[in-house]
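In what follows, a structure is listed as structure tokens, so that the remarks can point back to it.
The figures here come from the full heavy-atom set of this structure, side chains too, leaving out hydrogens, waters and symmetry mates. Below, chains carry the letters A, B, ... as their sequence lines are ordered, and counting in each starts from 1.
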Number of protein chains: 2
Amino acid sequence: MVNVFTMDAQIDEILRKNQLSVTGSRKRILELFLMSNGALAHGDIEKKTGEKFDRVTVYRTLQTFLEKGIIHNIPTADNSVLYALCKDDCSEGHHHDNHVHFICSECGKTICLADVTVPEVKLPGGFLPHEYQMVVTGLCKECR
Amino acid sequence: MVNVFTMDAQIDEILRKNQLSVTGSRKRILELFLMSNGALAHGDIEKKTGEKFDRVTVYRTLQTFLEKGIIHNIPTADNSVLYALCKDDCSEGHHHDNHVHFICSECGKTICLADVTVPEVKLPGGFLPHEYQMVVTGLCKECR
DNA sequence: CACTGGCATGCAACTTTGTTGCAAAAAGAT
DNA sequence: ATCTTTTTGCAACAAAGTTGCATGCCAGTG
């Protein structure tokens with residue numbers, strides 16, 4: 001499914017397009033997002049890059065990606081910070097990440113339910129909706 | 001608007017109904033929620049009770065209220081922790097905070113849309129859902 | 001109203017999470 | 001290859017949240 005060659009090119013392209021120099025940590029973190037194909041908690045990223053990069057670098061890289069609109073953060077009620085890749089057509093500020101995210105409360109993994117689209121609910125008058133986010137917590141296949 | 005006598009009685013009733021002993025910190029913190037009639041950050045609570053109660057007590061009290069379903073926490077765009085009173089029908093133990101939250105991307109306010117319930121979506125096989133959260137971002141009445 | 005068991009609180013120490021300043025290292029341009 | 005700018009790692013710090021334990025307060029009983 002994931003082709004290393006194309007992904008590597010893709011990573012370069014994303015960084016260049018956003019006028020960011022192509023560095024090890026940026027490539028690695030971006031790679032994680034592309035591979036996970038979904039939302040990542042900061043903790044996940046730290047764990048998976050833990051030995052290679054400094055904690056601070058991860059913070060700063062994510063911050064940079066946020067500012068450039070490469071990723072966006074997903075608010076959750078339990079206050080865990082989630083980040084997800086923006087789609088290509090997600091130009092600055094305009095994010096369309098309209099599938100449901102599942103967080104396993106056992107193993108902590110976040111899974112993108114790409115097939116489950118977020119239902120659009122009716123809002124009371126006056127509110128102008130821009131983006132719908134839905135996060136489901138529970139047990140995943142492995143942990144149930 | 002706020003009647004001290006009825007509020008005091010209300011506070012006692014809420015605590016008793018949830019089998020919690022009526023203590024100073026619990027009364028004070030509950031009072032803050034009733035007065036504010038909205039969401040409070042942990043910081044707000046600490047500031048307003050700061051001299052009277054220990055930091056730890058505030059944490060534990062909020063934790064207790066969460067478990068009992070007296071309050072629920074709500075997601076915010078900047079990932080700060082907000083708490084809000086649950087409606088009366090949010091019964092003990094089996095607490096489902098199943099209304100949609102709206103975050104205004106302009107003013108940053110988080111609003112509980114108490115009338116809008118979170119639709120339960122169908123998940124792929126294997127997932128055992130426990131809680132559904134939905135956050136809508138956009139512009140609120142004042143900012144549109 | 002005093003007594004008592006159990007729960008809540010305060011304190012201290014600690015962990016975890018996020019931030020800042022600065023020197024060294026790596027990227028990009030020439 | 002060399003120079004300039006950006007990025008990284010380190011260290012120190014600040015903020016946020018947790019845990020264990022001794023003391024104090026609450027509710028229930030006689």
Checklist entry - Nearest-Å distance, CD (B/E46) to C1' (D/dT18)? => result 13 Å
Item to check | Cluster check A/L128, B/M134: I/L/V/M/F/W/Y, side chain < 4.5 angstrom | outcome: no
Item to check | D/dT8 phosphate, OP1 or OP2, under 4.0 Å from A/T23 side-chain N/O | outcome: yes
Checklist outcome for this item: Bend of the helix from C/dC1-D/dG30 to C/dT30-D/dA1 from end-axis comparison, five pairs per end, nearest 10°, comes to 40°
Checklist entry - In whole angstrom, what separates B/K27's NZ from D/dC25's P? => result 14 Å
Checklist outcome for this item: From CD of B/Q19 across to P of C/dG6 the rounded distance in Å is 17 Å
Next on the checklist: In this structure, would B/F53 and B/F65 fall into the same cluster of hydrophobic residues linked by side-chain contacts under 4.5 Å?
Outcome noted: no
Checklist entry - Base, sugar-phosphate, or nothing for A/R26, non-hydrogen atoms under 4.0 angstrom? => result sugar-phosphate
Checklist outcome for this item: Out of D/dG17, C/dT19, C/dG18, minimum distance to the side chain of A/V56 belongs to C/dT19
Next on the checklist: By nearest atom, which of the nucleotides C/dC11, C/dT20, C/dA13 is closest to the A/R60 side chain?
Outcome noted: C/dT20
Checklist entry - For the hydrophobic clusters of this structure (ILVMFWY residues joined by side-chain heavy atoms under 4.5 Å, transitively), does one cluster hold both B/L66 and B/V58? => result yes
Next on the checklist: In this structure, how many angstroms lie between the P atom of C/dG10 and the CZ atom of B/F53, rounded?
Outcome noted: 7 Å
Item to check | Nucleotide of D/dA16, C/dC11, C/dT17 approaching A/R55 most closely (side-chain heavy atoms) | outcome: C/dT17
Next on the checklist: Is any side-chain heavy atom of B/I74 closer than 4.5 Å to one of B/Y83?
Outcome noted: no
Checklist entry - Do A/L82 and A/N73 come close enough that some side-chain heavy atom pair is under 4.5 Å? => result no
Checklist entry - A/K52 NZ to D/dT7 C1': how many Å, rounded? => result 16 Å
Checklist entry - Do A/L123 and A/V118 share a hydrophobic cluster (ILVMFWY, side-chain heavy atoms under 4.5 Å, transitive)? => result yes
Checklist entry - Whole Å only: how far is the CD atom of B/Q63 from the C1' atom of D/dA16? => result 14 Å
Checklist entry - Do you see a donor-acceptor pair shorter than 3.5 Å between the side chains of B/T61 and B/R28? => result no
Next on the checklist: Tell me the interatomic distance from A/E67, atom CD, to D/dT7, atom P, rounded to whole angstroms.
Outcome noted: 11 Å
Next on the checklist: For B/V81 and B/V22, find the nucleotide of DNA chain D closest to each by heavy atoms; which residue's nucleotide sits nearer the 5' end?
Outcome noted: B/V81
Item to check | Sugar-phosphate, base or nothing in reach of B/S25, heavy atoms under 4.0 Å | outcome: sugar-phosphate
Checklist outcome for this item: Here the distance between atom C1' of C/dG21 and atom OH of A/Y59, to the nearest Å, is 18 Å
Next on the checklist: Strictly below 4.0 Å: does A/T57 bring a side-chain N or O up to OP1 or OP2 of D/dG9?
Outcome noted: yes
